[in-house]
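Contents: one structure, followed by commentary.
To find a chain, count down the sequence lines: A is the first, B the second, and so on, and within it residues start at 1. Note that these values count all heavy atoms, side chains included, but never hydrogens, waters or copies made by symmetry.
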2 protein chains.
Amino acid sequence: MKKNQSKISIKDIAQELGLSITTISFIINKKAKNRISDEVIQKVEAYIEKVGYKPNSAAQSLRTGKTKTIVFMVEDISDPFFSSVAKEMEKLAFDSGYKIIFCSTDNKKSRAIELISMFKDRQVDAYIITPPEDFQDEIEQLVSENQIVMLFDRFYRDADYNYVVLNNYGSTKRAVEYLKNQGFKNIAYVGLKTELSTLTDRFDGYKEAVREANRENLSLLISFDDVKSEVGNKQFEEFLELHPEIDAILFATNNLAITGLKILKKKNIQIPEDIGVITFDDRDLFELHAPAITVMSQPITSLAKEVISGTLKLLKRKHSIQDKIQIVLDGELIVRKSS
Amino acid sequence: MKKNQSKISIKDIAQELGLSITTISFIINKKAKNRISDEVIQKVEAYIEKVGYKPNSAAQSLRTGKTKTIVFMVEDISDPFFSSVAKEMEKLAFDSGYKIIFCSTDNKKSRAIELISMFKDRQVDAYIITPPEDFQDEIEQLVSENQIVMLFDRFYRDADYNYVVLNNYGSTKRAVEYLKNQGFKNIAYVGLKTELSTLTDRFDGYKEAVREANRENLSLLISFDDVKSEVGNKQFEEFLELHPEIDAILFATNNLAITGLKILKKKNIQIPEDIGVITFDDRDLFELHAPAITVMSQPITSLAKEVISGTLKLLKRKHSIQDKIQIVLDGELIVRKSS
DNA sequence: GACAGTTAGTAAAACGATTTACTTAATAAA
DNA sequence: TTTATTAAGTAAATCGTTTTACTAACTGTC
């Protein structure tokens with residue numbers, strides 16, 4: 001009674017109740033209707049409840065080929081945006097009986113390949129991926145192997161995959177137009193030097209907005225690795241010196257904004273008097289900042305909801321040759337003191 | 001060649017090479033020495049490499065009872081402290097062939113119980129847990145079922161479990177002493193109303209430090225649910241009004257500090273001229289704040305390293321009746337302008 | 001040349017579920 | 001009474017590993 005209690009299997013239940021394994025299995029899987037009498041069903045269910053039986057998931061996986069596990073391959077799980085989404089996703093998935101495994105690529109292609117290879121061969125039912133740069137071949141490969149793949153945060157405009165992303169183009173355009181309406185004339189864009197759709201779309205939105213306003217394109221693109229380094233700082237400082245006419249800046253990511261705000265503070269530039277500021281992604285830091293920073297915020301909860309419900313929908317499908325799930329959500333402008 | 005390629009098993013390899021399943025398995029598991037000829041070993045390894053065979057983990061789990069999975073049950077995965085630790089942990093664990101499943105309890109006992117029940121019965125090799133309040137019985141239960149349990153961030157002083165925690169008592173004491181040495185006289189403590197060791201130890205450290213300095217205990221404890229609400233704001237404001245003598249505040253968590261800084265700003269209290277500030281946990285927000293905030297920072301990387309290496313050590317043990325793994329790390333004081 | 005000892009390998013029983021293809025008894029239809 | 005139909009349940013194969021307990025051939029020793 002001490003050591004043996006460790007595990008109770010379907011077989012034990014069958015033996016105890018004088019039934020066959022098949023019968024128990026049918027009942028557990030709700031396939032007992034028109035096969036097994038209500039009386040027996042009740043008896044078995046009561047017994048299962050009583051002893052707290054839980055099926056062994058390894059055995060289930062082996063037999064069915066499904067693991068009830070979803071991988072969420074993210075750029076960086078310690079980034080507040082991704083970790084907030086992750087938290088919401090986790091909850092929704094768990095309630096549907098799925099576990100989520102998170103992993104960070106740091107936007108490194110090699111790391112991402114490594115991770116996918118770890119999960120290959122059916123250890124996982126679906127992949128939710130924020131692909132690093134130059135990753136379309138790997139996505140294509142995964143899809144061609146009939147894996148379920150959902151892209152998140154970034155996607156490939158020319159290819160037909162499942163995705164949930166922000167309307168980066170439109171949201172950026174709206175942000176620039178807001179700045180314009182506030183009376184700012186020379187609006188600069190500080191973004192990342194990358195081919196990720198998230199950032200190229202934001203840049204395109206900016207360019208279109210300034211074009212429509214007959215204004216000059218004043219932009220600085222910093223490479224991903226330099227954002228938090230001295231190199232990035234220097235580039236930003238030089239950019240400011242080169243363009244004294246700038247009276248507002250749109251930062252394309254929260255990390256860029258943090259770097260930028262440090263420099264602005266250092267140079268004693270007043271916000272919003274000297275330069276107005278707006279940035280992507282809300283963080284409590286921006287609310288607390290002096291002055292509080294206007295942001296284009298991503299709808300975390302809705303994004304998470306769409307990603308999970310979409311992925312679960314894909315998991316339920318019999319044939320993969322159906323319409324793709326493609327969701328685009330708008331950002332929300334939260335106006336504060338900085339612009 | 002198209003559909004059948006889906007999976008390749010040990011059996012296929014055995015057949016293809018005219019060997020037995022056993023032989024292949026031995027070679028894969030490095031148990032072939034003194035059993036199988038080098039020639040055969042080489043041939044098999046080459047073939048495995050060539051076809052890119054990966055063992056089916058469900059079958060392995062079923063047979064061995066191990067899932068190569070660790071659960072990290074955390075208070076809130078979207079909290080920067082926990083998500084930073086999570087990221088480091090994930091990396092270390094993955095490199096040892098373990099997957100990590102994260103989940104958030106929101107410090108709710110009921111949610112934690114729910115989650116544990118989901119993972120019960122060997123779906124998981126080990127639990128890393130930041131227990132919510134009043135959770136010792138559940139931990140005890142888990143341990144008594146011979147599950148591997150590692151407590152993180154908080155622990156039970158009177159019970160003998162595995163844990164990795166910060167030296168909260170000593171770190172807080174040091175922080176107070178630093179304030180004292182900086183010339184602050186009336187040092188207040190703003191903490192959480194909770195029995196979690198993390199917070200009680202910090203409070204104890206504070207009390208001891210002011211006692212040694214023959215100073216008054218000026219403290220406010222806010223309950224967890226009120227921190228980000230109006231109730232919390234009001235309590236803090238009243239506290240300040242009640243104690244105009246306060247010239248420095250130690251915040252016990254970053255969330256408390258954020259709330260507090262908002263109020264201080266609203267009341268136009270100058271930092272550090274009117275009141276000096278120091279808080280637990282470093283966040284980029286504190287560095288960027290005007291003025292930059294002095295913090296008692298937790299050694300994220302070391303904490304993650306200790307947790308994972310400790311857990312892996314436990315996983316390797318044959319007998320659970322060995323010494324517990326109990327690690328206590330010191331915080332690092334990062335001095336900035338606020339004190 | 002008989003015996004033990006080593007070397008190189010294999011057969012087969014698990015692990016715990018799911019599922020197909022039965023059996024048997026009772027009922028309804030002809 | 002015979003036959004077809006339905007209801008209620010079960011036997012056994014299978015998923016892909018790991019591992020125990022073997023066999024068979026060879027080597028060396030006395």
Tell me the interatomic distance from [X], atom [atom1], to [N], atom [atom2], rounded to whole angstroms.
X	N	atom1	atom2	value
B:Lys33	C:dA8	NZ	P	10 Å
B:Lys30	D:dT19	NZ	C1'	18 Å
B:Arg35	D:dA24	CZ	C1'	15 Å
B:Ile41	C:dT7	CD1	P	13 Å
A:Ile48	C:dA17	CD1	P	10 Å
A:Ile10	C:dT18	CD1	C1'	8 Å
B:Ile24	D:dT19	CD1	P	16 Å
A:Gln15	C:dA17	CD	P	13 Å

Side-chain N or O of [X] less than 4.0 angstrom from OP1 or OP2 on [N]?
X	N	answer
B:Lys31	D:dT18	no
A:Tyr53	C:dG16	no
A:Ser37	D:dG9	yes
B:Ser25	D:dT18	yes
B:Gln60	D:dG16	no

Over 12 non-hydrogen atoms of neighbours within 6.0 angstrom of CD in B:Glu45 |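 Counting other residues, nucleotides and ligands, CD of B:Glu45 exceeds 12 neighbours.
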
Upstream residue (5' side of DNA chain C) when A:Asn29 and B:Thr23 are each assigned their closest nucleotide |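 It is B:Thr23, whose closest nucleotide lies nearer the 5' terminus.
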
Taking atom OG1 of A:Thr311 and atom CZ of A:Phe152, what is their separation to the nearest 0.5 Å?
->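 If we round to the nearest 0.5 Å, A:Thr311:OG1 and A:Phe152:CZ are 10.5 Å apart.
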
SB check [X] [Y] (cutoff 4.0 Å):
X	Y	value
A:Arg154	A:Glu75	yes
B:Asp106	A:Lys87	yes
B:Lys91	A:Asp76	no
A:Asp323	A:Lys313	no

Would you list the protein and nucleotides 11-15 of chain C atom pairs, both N or O, that sit under 3.5 Å from each other?
residue	atom	partner	partner atom	Å
C:dA11	N7	B:Thr22	OG1	3.2
C:dA11	N6	B:Thr22	OG1	2.9
C:dA12	N6	B:Thr22	OG1	3.3
C:dA14	N3	B:Arg63	NH1	3.2

So, B:Gln141 and B:Glu145: side-chain donor and acceptor under 3.5 Å apart, yes or no?
->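 A pair is found: one side chain offers a donor N or O, the other an acceptor, under 3.5 Å apart.
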
